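Inspection log for the structure reproduced underneath, given as structure tokens.
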Number of protein chains: 2
Amino acid sequence: MNISEVATRTRLPAKTIRYYEEIGLIAPPRDVNGYRAFRETDMHKLAFLGRARALGFTIEDCRTLLALWEDQGRASADVRSLAQDHLGRIEAKITDLEEMRDTLSSLVHACAGDDRPDCPILKSLGDATL
Amino acid sequence: MNISEVATRTRLPAKTIRYYEEIGLIAPPRDVNGYRAFRETDMHKLAFLGRARALGFTIEDCRTLLALWEDQGRASADVRSLAQDHLGRIEAKITDLEEMRDTLSSLVHACAGDDRPDCPILKSLGDATL
DNA sequence: ATAAGGCTTCCAGTCACTGGAAGGTCAAGC
DNA sequence: GCTTGACCTTCCAGTGACTGGAAGCCTTAT
């Protein structure tokens, strides 16, 4: 299987697949012509990576998850704690963003948004609350 | 005012302040010894930048906002539309993260997290739903 | 034989900093 | 006057996870 077919089937850009090889997440063998010859296992790993990345795991998390996935004797506790840490980070990020959203939203609503220069958004950003 | 005092007062790292100068957001004059000599206006700009960045505006947004802030004749509509676009992006990001959170949370709850290898998290990541 | 398209590598750029090295400056204490 | 330590300066490199683009080989069809 050549890279473009794998790209289509995993919905990952070819560039990303090459990058994943470069950083050692996959290691497809090569044909005599130098082309990467992807096996089913490579595709499965890439699909796994795509899903893990879509859940926001970092590449290093993905490396760990992939190793655990391959390790038939792993403890599910290891996976769970990694996922739980990640969940915590996501929740923290959501909280941060919600705070931004609330502040920004109230500013946007307070702003007339016409051709006059008076603007509570700029006023609030400029307020010397130091 | 030297950089460390400004850093303390604006709660921005000195490195960041130098960076903001490098990219042209501020332009503090220099003392004879070559040290940056921050004026009140520089500090106000930095405080403004700190608040705008805390609201998640990109540096380029900040550049625009700063210019609007300095422009006494600006239309508040310009500011408002910038803020509203940004608000939209934040809301989209929150939605994404909430989706991740929900999926991840259900997986974490489904996982026993003990020393057995059976793990719904890995199972779900590995499922060939291609 | 040639043209189009796919594959390869390598280099540079993204964003907003952050760390660290090498070296100049300043104030205090001896 | 000298040293010490805390400042300040610049410059270079690295972060994460790709992404774009150039230059050049390989394959397939005409």
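In what follows, every chain begins at residue 1, and chains take the letters A, B, ... in the order their sequences are listed. Quantities reported herein were computed from a predicted structural model and do not represent experimental measurements. What you see below is based on every heavy atom in this structure, not just the backbone, and it leaves out hydrogens, waters and symmetry mates.
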Output the rounded distance in Å from [atom1] ([X]) to [atom2] ([N]).
{"X": "A:I17", "N": "C:dT8", "atom1": "CD1", "atom2": "C1'", "answer": "15 Å"}
{"X": "B:H86", "N": "C:dC15", "atom1": "NE2", "atom2": "C1'", "answer": "14 Å"}
{"X": "B:R18", "N": "C:dA16", "atom1": "CZ", "atom2": "C1'", "answer": "16 Å"}
{"X": "A:I23", "N": "D:dT15", "atom1": "CD1", "atom2": "P", "answer": "12 Å"}
{"X": "A:D31", "N": "C:dC7", "atom1": "CG", "atom2": "P", "answer": "12 Å"}

Using side chain to side chain contact (heavy atoms under 4.5 Å, CB included) as the criterion, list what pairs up with A:T103, not counting sequence neighbours. A:L107, B:L55
Could you write nucleotides 16-28 of chain D as a row of B, S and -, 5' to 3', where a protein heavy atom under 4.0 Å of any base atom gives B, of only sugar-phosphate atoms gives S, and otherwise -? -BBSBB----BS-
DNA chain D contacts made by residues 1-8 of chain B, counting heavy atoms under 4.0 Å: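 Heavy-atom cutoff 4.0 Å gives B:N2, B:I3, B:S4.
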A:R30 side-chain N/O to C:dT9 phosphate OP1/OP2 under 4.0 Å: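 Yes, because at least one side-chain N or O of A:R30 sits under 4.0 Å from OP1 or OP2 of C:dT9.
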Salt bridge (Lys or Arg N to Asp or Glu O under 4.0 Å) pairs, two or more places apart, involving residues 67-79 of chain A: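 As it turns out, the salt bridge (Lys or Arg N to Asp or Glu O under 4.0 Å) pairs with a partner in residues 67-79 of chain A, which skip direct neighbours, are A:K45-A:E70.
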At under 4.0 Å between heavy atoms, what does B:R36 touch on the DNA or RNA strands: base, sugar-phosphate, or nothing?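 Touches sugar-phosphate only.
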Result block: side-chain N/O donor-acceptor pairs under 3.5 angstrom for residues 87-101 of chain B, not counting sequence neighbours:
from: B:R89; atom 1: NH2; to: B:D61; atom 2: OD2; distance (Å): 3.4
from: B:T95; atom 1: OG1; to: B:E91; atom 2: O; distance (Å): 2.9

Solution key, residues 29-37 of chain A side-chain donor-acceptor pairs under 3.5 Å, sequence neighbours excluded:
from: A:R30; atom 1: NH1; to: A:G34; atom 2: O; distance (Å): 2.9
from: A:R30; atom 1: NH2; to: A:E21; atom 2: OE1; distance (Å): 3.2
from: A:R30; atom 1: NH2; to: A:E21; atom 2: OE2; distance (Å): 3.3
from: A:N33; atom 1: OD1; to: A:Y35; atom 2: N; distance (Å): 2.9
from: A:R36; atom 1: NE; to: A:E21; atom 2: OE1; distance (Å): 2.7
from: A:R36; atom 1: NH2; to: A:E21; atom 2: OE1; distance (Å): 2.9

Return yes if some donor-acceptor pair links the side-chain N/O of [X] with the main-chain N/O of [Y] below 3.5 Å, else return no.
{"X": "B:R53", "Y": "B:F57", "value": "yes"}
{"X": "A:S76", "Y": "B:A112", "value": "no"}
{"X": "A:T8", "Y": "A:S4", "value": "yes"}
{"X": "B:R80", "Y": "A:H109", "value": "no"}

